[in-house]
Each structure stands twice: as structure tokens, then as C-alpha cells.
There are 2 protein chains.
Amino acid sequence: MAHIPSMTDTSFNAVMNLLRARDVIEERIAGELASVHGLMLKEAMLLMHLEGAPLGRLTRVELAKRLHSSASTVTRMATPMEKLGLVSRQSDDRDARLAFVVLTKAGQIKITEARATLAKQADDLFQDRWQEGEIEALSGLLARLVAGAPGRLA
Amino acid sequence: MAHIPSMTDTSFNAVMNLLRARDVIEERIAGELASVHGLMLKEAMLLMHLEGAPLGRLTRVELAKRLHSSASTVTRMATPMEKLGLVSRQSDDRDARLAFVVLTKAGQIKITEARATLAKQADDLFQDRWQEGEIEALSGLLARLVAGAPGRLA
DNA sequence: TCATAGTGCTTGCAATCGGAAGTACTATGG
DNA sequence: CCATAGTACTTCCGATTGCAAGCACTATGA
């Protein structure tokens, strides 16, 4: 029933483990982020991208690229976040097509709090029998794997 | 605008890199899998789980656990795959509640082909400046991170 | 035995997503 | 100047998802 092993198994297994790891970690993180801060994971990601951007703002298409989602999704994400006061809308004088999503003070506070929760969750993940160097190695290998692709934070 | 660094940054960055890596890799893989084999990534995962299961079959709830999705999703995934002949439905004599999803011969062929494509894609991902040992290290660290969680393949 | 609790599956419902189409605006090149 | 092409955003539509509810069946224990 099992397939025949081959040279490509190492890469294949690495990819499978990566897919699974994301599922497991996202399950673990998303619940607490929602209950504690009322944020979906990707909403937190949106805020973090704004946080690191010049003037704390990005266009919707740029956010879509970084979040690996469509422009329509970003539009629909931003609307309720505006109503909550986490972001605001700002148009550009030079180009009337642009509608920046801008991080507000309330959004800054919210993402700072949410990041603390995320950092704590991340620490918990590596709490048992992980050494600092191992975590750095994992992080570095992952970063290298997706080097050049859009969406990097920090 | 950037947050204050702390001891937890290593874990945090590793988690962020993991989330991003999954996005990038899934984008890259899903398209080819769909165009070449007409399969969504999670459909391929479903078939692979069946492939490794005793008698080539699993109940819907067990599949849901392994795929990190809900039972209703598995039900709705299985229906069109039955019509394509990739899986069939089989009830249990001992327990009339159980409705196994069974891998058919056509499903076996399909997943064998799809796995070859996946393996090739995985190889491409690591093609440039990756050594076998580094890929194994990444795979091992990821496996260790999610040890004990459901959904492991092979 | 038989009421109660638990499990497996399906369906209804609301929420979410991506792509296509539409609108508005900007850039390009004669 | 102006036609054409390209970009940014929004909205509509179909598809997908999880949760809650419902149904059918099994296990428990008095």
C-alpha cells in the first residue's frame, strides 16, 4: 500500500512536514488570538505589515501581496477593522486610485498586545527540549526556503 | 514604528517564517497539482492518508482529524471524489454508523501520479544551493515541532 | 430492559474566499 | 490632445468552510 521510496523523499517529506506544521500551529495560535484580542490571525498579520511600513500605511494591493490573498479579501478585511478603529482610510493626493490602509493609534496598541500573545504562544511551542540554536536554525532554514517571495515581516 | 526586541523574538520569528513558508509553498504547489491532475492539495492529502491506512480506508472523522478539518468538510470532499471513482463508500457490519472512505484502484493510480508531481515540485523547491543534510535538518525540526499532533503522513 | 449518553455522519446556515466584471483613475505614445 | 492600455479598488457570484442541529446508531449502567 505504501509507495516506493526514492531519492526525492527527503524533499517531499520536508514539504509534507511543513504543511502539517502550519496546520497544527495555526490551530493552536488562532483560538487564543481570537478569544484574547478578538483578532483573526490574518488580521494580526495585516496590522503587523502596517506596523513595519513607512508612515504605517500600505495600499490594498500591496497588503494583498504580503498576505498572499486577493485584493477583494483585503478590502473586506479592512472595512470592519475601520469600524473598530484599528485602521483608517487615506487617499493619495498624487494618485486618486490609491486608498491606503493606515494603522491608527488604537491599532498600534492592539497589535502590540497581540504580538505579546503571539510571542508567548511561540515560546510555548518551543518550550520543551528546544535550544535557542535549534530554533534559530529552523527559522533560518525556513527563511531561506522562501527568500525572495513577498510577505516577509520585520 | 517597530516593536521592541525581546528574548522571545527567536521563537516568534520562527513561527512567522513558518506561516509565510506554508503560504509561499502552497501557492507554488497547488496550481500545478490542479492543472496536471485535477486535484486540490487537500484532496491529494486525503488520498495519501487512505493510501497509508489499513485496508486503504478510513472513517470520515478520522480523516477529518488527519486533515485538520471538520467532518462536514470531509463528507463534502468525498462526494465528488466518489463520482470520479477515486474513492468508494463502505459501511461497517459491526457498527452501522461508520461510513468508510475507501481508496479505489483508480484512486491509487491517481495519487501515485500526483505524488510524483509533488515530489518533483518539492525537489525544485530545494534545488538551488540546498544540501541533502540541510533538507533533512529542516524536515526533522518541523517533525519535532509537531510531534504527537494528528495528521502525520508516512 | 431500557433510558441516557455518546459517536458518526449529513445538512442548513452564515461567513469567507478568489476570480470576473465594473468603475475610476493614471500612464503611454502618437 | 486623445485613444489605448494599465492600475487600484470595489462589488457580484460561485465555491468552500466550520459550527450547530438533526438523524441514526451504539454503549453504558441502573
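What you are looking at is a predicted structure, and each value in this text was computed from that prediction instead of being measured. Both backbone and side-chain heavy atoms feed into the values below; hydrogens, waters and symmetry mates do not.
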Assign each of B:Thr59 and A:Val74 the nucleotide of DNA chain C bearing its closest heavy atom; nearer the 5' end lies the nucleotide of B:Thr59
Rounded interatomic separation in angstrom, taking [atom1] from [X] and [atom2] from [N]:
{"X": "B:Glu43", "N": "D:dA15", "atom1": "CD", "atom2": "P", "result": "14 Å"}
{"X": "A:Asp92", "N": "D:dC9", "atom1": "CG", "atom2": "P", "result": "10 Å"}
{"X": "B:Gln90", "N": "C:dG8", "atom1": "CD", "atom2": "C1'", "result": "16 Å"}
{"X": "B:Leu98", "N": "D:dC23", "atom1": "CG", "atom2": "P", "result": "21 Å"}
{"X": "B:Lys65", "N": "C:dC9", "atom1": "NZ", "atom2": "C1'", "result": "14 Å"}
{"X": "B:Arg94", "N": "C:dG8", "atom1": "CZ", "atom2": "P", "result": "17 Å"}
{"X": "A:Arg97", "N": "C:dT23", "atom1": "CZ", "atom2": "C1'", "result": "13 Å"}
{"X": "B:Met77", "N": "D:dA15", "atom1": "CE", "atom2": "P", "result": "17 Å"}

Within less than 4.0 Å of OP1 or OP2 of [N], is there a side-chain N or O belonging to [X]?
{"X": "B:Arg76", "N": "D:dT16", "result": "no"}
{"X": "B:Thr75", "N": "C:dT10", "result": "yes"}
{"X": "A:Arg60", "N": "D:dT11", "result": "no"}

Answer yes or no: is there an ion pair linking A:Glu51 with A:Arg115, defined by an N-O contact shorter than 4.0 Å?
-> yes
Considering the options B:Leu118, B:Leu47, B:Leu50, B:Leu86, which one meets the side chain to side chain contact (heavy atoms under 4.5 Å, CB included) requirement together with B:Ile111?
-> B:Leu47
Does one side chain, of A:Thr117 or A:Glu32, offer a donor that lies under 3.5 Å from an acceptor on the other?
-> no
Please evaluate the base of D:dC19 for a donor-acceptor partner in the side chain of B:Ser72 within a cut-off of under 3.5 Å?
-> yes
For atom CZ of A:Arg144, decide whether the heavy atoms of other residues, nucleotides or ligands shown that lie under 6.0 angstrom number more than 12.
-> yes
